[in-house]
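A short write-up of the structure that comes next.
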Amino acid sequence: MFFNHIEAAPADPILGLTEAYKNDPNPNKINLGVGVYQNESGVTPVLDCVKQAEQKILVEETSKSYLPITGLPEYGRFVRELLFGEDSSIIRNQRAVTCHCPGGTGALRIGADFLKQQNVAACVWISDPTWANHYQIATAAGLKFERYPYYDKENHGLAFNAMLQTLEQAEEGDAVLLHACCHNPTGIDPTLEQWEQIADLLNRKHLLPFIDFAYQGFGHGIEEDAQGLRVIAARCPEMLIASSFSKNLGLYNERVGALTIVSSDPQTADRVLSQLKIAVRTAISNPPAHGEKIVTTVLGDAQLRARWEEELSQMRERIRAMRVLLASKLKDAGAGDFDFVVEQNGMFSFSGLNKEQVERLKKEFGIYIVGSGRICVAGINQRNIDALVSAIAAVVK
């Protein structure tokens, strides 16, 4: 037998938590583990702009033929404009190329494969903590990885000095993986001044930035969330960016992501694109079309674009409101000072709860969060927040 020796893999920590939640008979259970946006009703909605775009596509689409290997040209253009700004010299000088990948995860994997296959970098530095799949993607691509500290547990903030001191140990030619905004899992982002120091270090040590940009628009705004990336792009002539429309357009199951690579000149960019086409061809042949057409339809239509920005703002503001309300109610409940939650960005918050407290929340109250204490703030609403606050107050006292 060929397969009898294969051992069962451990359950994914996030998906396994969701499965446990589904099997819990507690009628008042709360799932704050999964990383998707939910509205006040606890639903992950299809955005109105997306519905309108799909109706337009249904009427106008005439073929289901393959897309180009790297996706539609206008898709790549829209991605680059969101990343760098419409008036960017990077775009004007044709230094960046983009390919559609299956979600942000696919973009990270294609990017990691590119680094390995083209002998660009052998080691990538990854924040500790980070989204767990970062480590697995680097390993699967054949890259070594090192960790740099990111979270200051005592102060519930960014361990900035330790981060810089550790990255000083990186060797010339190493890659550094950075979250552009809404850091997963901590929700803690560098300030603009800190981004400038990070960019200066990367440039001085000749390190290659590899930016994970999964949450553009979920922090402070579409333009505001790109500030760190643009600071780095102004100082570093080459970089990789893995971006995604899963969150900001709610296209989770359409798998709409992009890998953008910036080179020092257009001739190098052309050669990079030729190798990217081979990497994509051997991995997925060519990308799925429906989600990409939604993106190009929304971003290419002034009214749909305006509607998207309105809906994105509503999602961002709802999450921010839940942060403020959670911190306020926890303080009123005598659970301590959780004001740091308000300073964090995006869907996630490092709550400061330890594993024992997390386990108690699950067993005693049917509240499911990741063992690290990461809470998906988007899962909180007016119907469940009082029960959540009461439970947290019970386990921290």
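Only a predicted model underlies this, so the values are computations on that prediction, with no experimental measurement involved. Because only heavy atoms are used, hydrogens play no part in the values below, and waters and symmetry mates are left out as well, while side chains stay in.
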Open item on the list: Would you compute the distance between atom CD1 of I261 and atom SG of C99 and round it to the nearest 0.5 angstrom?
Closed with: 7.0 Å

Task: Rounded distance (nearest 0.5 Å) linking atom CG of N184 with atom NE2 of H134 - done: 7.5 Å

Open item on the list: Can a side-chain donor-acceptor contact be found between D270 and Q267 if the only test is distance below 3.5 angstrom?
Closed with: no

Open item on the list: Pairing donors with acceptors under 3.5 angstrom, does anything connect the side chains of E292 and T296?
Closed with: no

Task: Reported CD1-to-CG distance for the pair I367 and N26, which is rounded to 0.5 angstrom - done: 9.0 Å

Open item on the list: Is it the case that the side chains of H290 and E54 hold a donor-acceptor pair, with the cut-off being a distance below 3.5 Å and no angle test?
Closed with: yes

Task: Aromatic plane relationship, Y75 with H100 - under 30° parallel, 30 to 60° tilted, over 60° perpendicular - done: tilted

- [ ] Would you mind checking if K362 and E359 are paired as a salt bridge, meaning a charged N to carboxylate O distance below 4.0 Å?
- [x] yes

TODO: State plainly whether the residues E254 and K293 are in salt-bridge range, i.e. N to O under 4.0 Å.
DONE: no

TODO: Check L83 against Q216 and note the closest heavy-atom contact, atom names and distance.
DONE: CD2-OE1, 4.4 Å

Task: Closest heavy-atom pair and its distance - C101, A107 - done: CB-N, 3.4 Å

TODO: Flag yes if more than 12 heavy atoms outside Q94 fall under 6.0 Å of its CD atom; otherwise flag no.
DONE: no

Task: Test log, rule side chain to side chain donor-acceptor pair (under 3.5 Å), inputs S63 and S65 - done: CA-CA 6 Å; S63 175; S65 185; 4.6 Å; no

Open item on the list: Less than 4.5 Å apart, side chain to side chain, heavy atoms only: is that true for L82 and F245?
Closed with: yes

TODO: Identify whether the distance between the nearest side-chain nitrogen and carboxylate oxygen of K205 and D174 falls below 4.0 Å.
DONE: no

TODO: Look at atom CD of E86 and say whether more than 12 heavy atoms of other residues, nucleotides or ligands are closer to it than 6.0 Å.
DONE: no

Task: Inter-residue atom distance L388.CG - R383.CZ, 0.5 Å rounding - done: 13.0 Å

TODO: Could you point out which residue of T44, I319, V377, I380 forms a side-chain contact (heavy atoms from CB on, under 4.5 Å) with Q38?
DONE: T44

Open item on the list: When you compare the side chain of Y215 with that of D225, does any pair of heavy atoms fall below 4.5 Å?
Closed with: no

Open item on the list: If the condition is salt bridge (Lys or Arg N to Asp or Glu O under 4.0 Å), which residues does K29 pass it with, not counting sequence neighbours?
Closed with: none

Open item on the list: Salt bridge check, R316 against E309: does any charged N sit closer than 4.0 Å to a carboxylate O?
Closed with: no

Task: Minimum heavy-atom distance L167-L207, with the two atoms named - done: O-CD1, 4.2 Å

TODO: Verify whether one side chain among H220 and N345 offers a donor that lies under 3.5 Å from an acceptor in the other.
DONE: yes

Task: Centroid-centroid distance, F340 to F338, less than 6.0 Å - done: yes

Open item on the list: What I want to find out is whether R77 reaches E74 closely enough, with some N-O distance under 4.0 Å, to be called a salt bridge.
Closed with: no

Task: From OG1 (T260) to CD1 (I211), nearest 0.5 Å - done: 11.5 Å

Open item on the list: Ignoring hydrogens and geometry beyond distance, is a side-chain donor-acceptor pair present between R271 and S274 at under 3.5 Å?
Closed with: no

Task: E171, CD: over 12 other non-hydrogen atoms inside 6.0 angstrom - done: no

Open item on the list: To check you understand the geometry: which heavy-atom pair defines the closest contact between L178 and M163, and what is its length?
Closed with: CD2-CE, 3.8 Å

- [ ] Measure the acute angle between the ring planes of Y151 and F350, then classify it against the limits of 30° and 60° as parallel, tilted or perpendicular.
- [x] perpendicular

Task: Heavy-atom side-chain contact between Q117 and I278 under 4.5 Å - done: no

TODO: Over all heavy atoms of both residues, which pair between K51 and V46 is shortest? Give the atoms and the distance, please.
DONE: CG-CG1, 3.8 Å

Open item on the list: Could you check whether R92 makes a cation-pi contact with F84, meaning its NZ or CZ is under 6.0 Å from the centre of the six-membered ring and within 45° of the ring axis?
Closed with: no

